[in-house]
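Accompanying notes for the structure given below.
In what follows, chains carry the letters A, B, and so on, assigned in the order in which the sequence lines appear, proteins first and then strands, with residues in each chain numbered from 1. Please read all numbers here as calculations on a predicted model, not as lab measurements.
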Amino acid sequence: AQRVTQPEKLLSVFKGAPVELKCNYSYSGSPELFWYVQYSRQRLQLLLRHISRESIKGFTADLNKGETSFHLKKPFAQEEDSAMYYCALSVNAGGTSYGKLTFGQGTILTVHP
Amino acid sequence: DVKVTQSSRYLVKRTGEKVFLECVQDMDHENMFWYRQDPGLGLRLIYFSYDVKMKEKGDIPEGYSVSREKKERFSLILESASTNQTSMYLCASKVGGSGNTIYFGEGSWLTVV
């Protein structure tokens, strides 16, 4: 069965410092990896996905199949980045992907002024 | 803009009561999901549906059932609520097939006393 691990429950950095939120996964097939973010009093929303290879709000994430990791990085954190971040993995089921997501435990990022 | 609406944002129910959580999406999405969000555990999939009247168990289906009589509506049912079902419940939907974004509702806070 697939599994997603986010080792840090809490992460605190100062504004302008680099930030890295760790995510490791276990899955025998070819996964789709995502980062979702939940700002205070807002709904959970997609931040980025590995297949897009894009930078969103200054965040990037590279899929490392050798290390089975998908860490989220930003070179200069901003106070508005403070939120709950979830790493998630999507698998195929019987050749049809229903888009089921398996989530990690989440990391609360706090960016101090 | 995709809208996933959970009609009840906050509920307080007594142990043993039958509880209905309703979710409606307005984008004609084939797939719908119910997740449970708990601190330190992340999001866990309870049930999902890939078509009207079709449903499949997720990772933690015990104590829950679902109903999908119409494409836009996916209901989560707690037949006999228990205190360990106190949680935040998130509904989500997506277009069928792989590589499509999942959209979440705002969540329903359920407290069972």
Legend entry - Side chain proximity check, A:Tyr25 to A:Lys65, heavy atoms < 4.5 angstrom: yes
Which answer fits [X], side chain, backbone, both or neither, if we ask what part of it has an atom under 4.5 Å from a heavy atom of chain B?
X: A:Leu46; result: side chain
X: A:Gln6; result: neither
X: A:Ile108; result: neither

Legend entry - Expected output: side-chain B:Gln85 to main-chain B:Gly63 donor-acceptor under 3.5 Å: yes
Legend entry - Interface moiety of B:Leu45 toward chain A, non-hydrogen atoms closer than 4.5 Å: side chain
Legend entry - Within 6.0 angstrom of B:Lys71 NZ, more than 12 heavy atoms from elsewhere: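 Yes - once you tally the heavy atoms of other residues, nucleotides and ligands closer than 6.0 Å, there are more than 12.
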Legend entry - Lys/Arg N to Asp/Glu carboxylate O, B:Asp38 vs B:Arg44, below 4.0 Å: yes
